[in-house]
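First comes the structure, then the notes that go with it.
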There are 2 protein chains.
Amino acid sequence: MHGASLLARLRRHGLRLTAQRRVIAEALEGAHVHLTADEVFERAVGRLPEISRATVYNTLNQLHALGEVREITIDAGPRRYDPNVERPHQHLICDRCGTVRDVVPLGDISLPADQRYGFAISDIQVTFRGLCPACARPSR
Amino acid sequence: MHGASLLARLRRHGLRLTAQRRVIAEALEGAHVHLTADEVFERAVGRLPEISRATVYNTLNQLHALGEVREITIDAGPRRYDPNVERPHQHLICDRCGTVRDVVPLGDISLPADQRYGFAISDIQVTFRGLCPACARPSR
DNA sequence: ATTAATGCAAAGACTTTGCACCGGT
DNA sequence: ACCGGTGCAAAGTCTTTGCATTAAT
């Protein structure tokens, strides 16, 4: 069901294949880090100068609604987009510089029935927070 | 070290005890749900009409910086503030209406050394997501 | 041909900030 | 008296939206 490129997945959802969506998908998939909408826009502009921020936002929102990208919200600052919805993973975030790394934790965590309040739980997100090596250095 | 009122904790940090901070602390502690800055402001205005949003934001940020309140960031929408930093707990969030409930999960999760990337991890946040009973109903 | 997608610019939601005045300590 | 805190209004950051135009199917 997955494993295909973002672009292929777009088509599968019945969305039209436009140049804009192509460069947005490429920007996301080519990144080794999770980009903000603005970073996606910057990269996209390099390949398609007429593209607009609105289209980037619209497309990112659509991809998210379709479950094809994950949104990462750091406490402050813009949202970031994670194209990897195929392999389950969680995030490790530096509280100072905001760097995000993908991680696969060990162990298991769950909610006992008396803690579910009747919710239908569909996802468990685990975020590890701390300081990355660079930010932990006392140099300030 | 904790267990005292927010107000008492404020004083302990050397912050001045003002009427504004008093009503903000009361708003936070009196809430059974986690409030947004604006909700805190609304409640505060009821008791102290001259209070400004800027002061609410400033104070909330200070409390957070001091570790006396927790910030909860839902994907969309304003941040919420959780005055309970005393008893460890996690959050259960409805993806449709945004309701937040405090929960105490079972189990354990951790990062193996090869997944830590040299980070000094100081916190693990677990967020359960799903639909609350009201939003799960097919009525729409 | 049809209708979704785009770009632009404007509006919106949320938060921060500069500065003169006020009020805890 | 000192200096942190406050209120106001303006600015800032990030995101969404209305609408006329363009282009994928």
Side-chain angles (χ1 to χ4, degrees), chain A residues 6-28 34-66 68-69 71-81 98 100, chain B residues 6-27 34-42 44-66 68-69 71-81 98 100:
Chain A
L6 261 185
L7 222 48
R9 291 187 234 156
L10 272 181
R11 265 210 326 244
R12 226 176 261 161
H13 286 287
L15 299 192
R16 289 182 184 174
L17 199 34
T18 67
Q20 289 82 346
R21 285 174 176 162
R22 188 158 27 246
V23 295
I24 291 171
E26 285 169 10
L28 277 176
H34 303 312
L35 303 177
T36 63
D38 218 64
E39 288 164 348
V40 171
F41 172 72
E42 289 305 336
R43 296 190 175 210
V45 162
R47 290 172 160 266
L48 187 69
E50 334 84 88
I51 199 173
S52 72
R53 267 186 186 72
T55 296
V56 172
Y57 274 107
N58 288 163
T59 302
L60 255 13
N61 284 342
Q62 291 174 115
L63 286 170
H64 178 235
L66 295 172
E68 299 294 359
V69 305
E71 262 185 22
I72 309 174
T73 306
I74 317 295
D75 274 340
R79 320 215 252 268
R80 297 182 167 275
Y81 294 87
V100 181
Chain B
L6 261 184
L7 223 49
R9 291 186 234 156
L10 273 180
R11 267 211 324 245
R12 226 176 260 161
H13 286 288
L15 298 192
R16 289 183 184 172
L17 200 33
T18 67
Q20 289 81 347
R21 285 174 176 161
R22 188 158 27 246
V23 296
I24 290 170
E26 285 170 8
H34 303 313
L35 304 176
T36 62
D38 218 64
E39 288 164 348
V40 171
F41 172 72
E42 289 305 337
V45 162
R47 293 174 157 265
L48 188 69
E50 334 82 91
I51 199 172
S52 72
R53 267 185 185 72
T55 296
V56 172
Y57 275 107
N58 288 162
T59 301
L60 255 14
N61 284 343
Q62 291 174 117
L63 286 171
H64 178 235
L66 294 173
E68 299 294 0
V69 305
E71 262 186 23
I72 309 174
T73 306
I74 317 297
D75 274 341
R79 320 214 251 270
R80 296 183 168 273
Y81 294 86
V100 181

Discussion item. The criterion is salt bridge (charged side-chain N to carboxylate O under 4.0 Å, His left out); which residues satisfy it with A/D75, sequence neighbours excluded?
Written reply: none
Practice prompt. Starting at atom CD1 of B/I74, determine the distance to atom P of C/dT15, rounded to an integer number of angstrom.
Written response: 12 Å
Worksheet item: Taking side chain as C-beta onward, heavy atoms only, is A/Y81 less than 4.5 Å from A/H34?
Response: no
Worksheet item: Only one of A/T36, A/D38, A/T73 clears side chain to side chain contact (heavy atoms under 4.5 Å, CB included) with A/P78; which?
Response: A/T36
Discussion item. Just the rounded figure in Å: distance from P of C/dA5 to CG of A/L66.
Written reply: 10 Å
Practice prompt. Kindly indicate whether the side chain of A/I74, heavy atoms from C-beta on, has any atom under 4.5 Å from the side chain of A/V100.
Written response: yes
Discussion item. What is the distance, to the nearest angstrom, from the CZ atom on B/R16 to the P atom on C/dC22?
Written reply: 15 Å
Practice prompt. Send over the distance from B/L17 CG to C/dC22 P, rounded to a whole Å.
Written response: 21 Å
Fill in: Between B/H13 and B/E68, a side-chain donor and acceptor under 3.5 Å
yes
Worksheet item: In whole angstroms, how far is the P atom of C/dC14 from the CG atom of B/D75?
Response: 14 Å
Worksheet item: Given atom CZ of A/R79 and atom P of C/dT15, what is their separation to the nearest angstrom?
Response: 12 Å
Item to complete: Evaluate the criterion side-chain contact (heavy atoms from CB on, under 4.5 Å) for residue pair B/I24 and B/L6; output intermediate values, then yes/no.
Response: CA-CA 9 Å; B/I24 290 170; B/L6 261 184; over 6 Å; no
Practice prompt. Would you work out how much the helix from C/dA1-D/dT25 to C/dT25-D/dA1 bends between its ends, with each end axis defined by five base pairs, to 10 degrees?
Written response: 40°
Worksheet item: Looking only at heavy atoms, which two atoms of B/V56 and B/A37 are closest? And how far apart?
Response: CG1-O, 3.6 Å
Practice prompt. Could you state the atom-to-atom distance from CZ of B/F41 to P of C/dT16 in whole Å?
Written response: 16 Å
Worksheet item: Of all the choices, C/dT16, C/dA5, C/dC14, which nucleotide is nearest to the side chain of B/N61 once you look at every atom?
Response: C/dT16
Fill in: Residue closer to the 5' end of DNA chain C, B/T18 versus A/Q62 (nearest nucleotide)
A/Q62
Item to complete: For B/Q20, enumerate each residue passing the side-chain contact (heavy atoms from CB on, under 4.5 Å) test, keeping only those at least two apart in sequence or located in another chain.
Response: B/T18, B/L48, B/I51, B/T55
Worksheet, complete the sentence: note: B/R80, atom CZ; C/dT15, atom C1'; distance rounded to Å ~ 16 Å
Worksheet item: Given the rule in the side-chain contact (heavy atoms from CB on, under 4.5 Å) test, do A/R53 and A/V45 qualify, once you have shown the distances and angles that lead to the verdict?
Response: CA-CA 9 Å; A/R53 267 186 186 72; A/V45 162; over 6 Å; no
Worksheet item: Contact boundaries of DNA chain D with chain A (under 4.0 Å, heavy atoms), 5' to 3'?
Response: D/dC14 to D/dT25
Practice prompt. Can you run down the salt bridge (Lys or Arg N to Asp or Glu O under 4.0 Å) pairs that involve residues 13-26 of chain B, sequence neighbours left out, and say none if there aren't any?
Written response: B/E26-B/R47
Practice prompt. Check whether any side-chain heavy atom of B/V40 sits under 4.5 Å from a side-chain heavy atom of B/T59, and report yes or no.
Written response: no
Item to complete: Give, ordered by number, those residues of residues 48-60 of chain B having at least one heavy-atom distance below 4.0 Å to an atom of DNA chain D; if nothing qualifies, reply none.
Response: B/E50, B/I51, B/S52, B/A54, B/T55
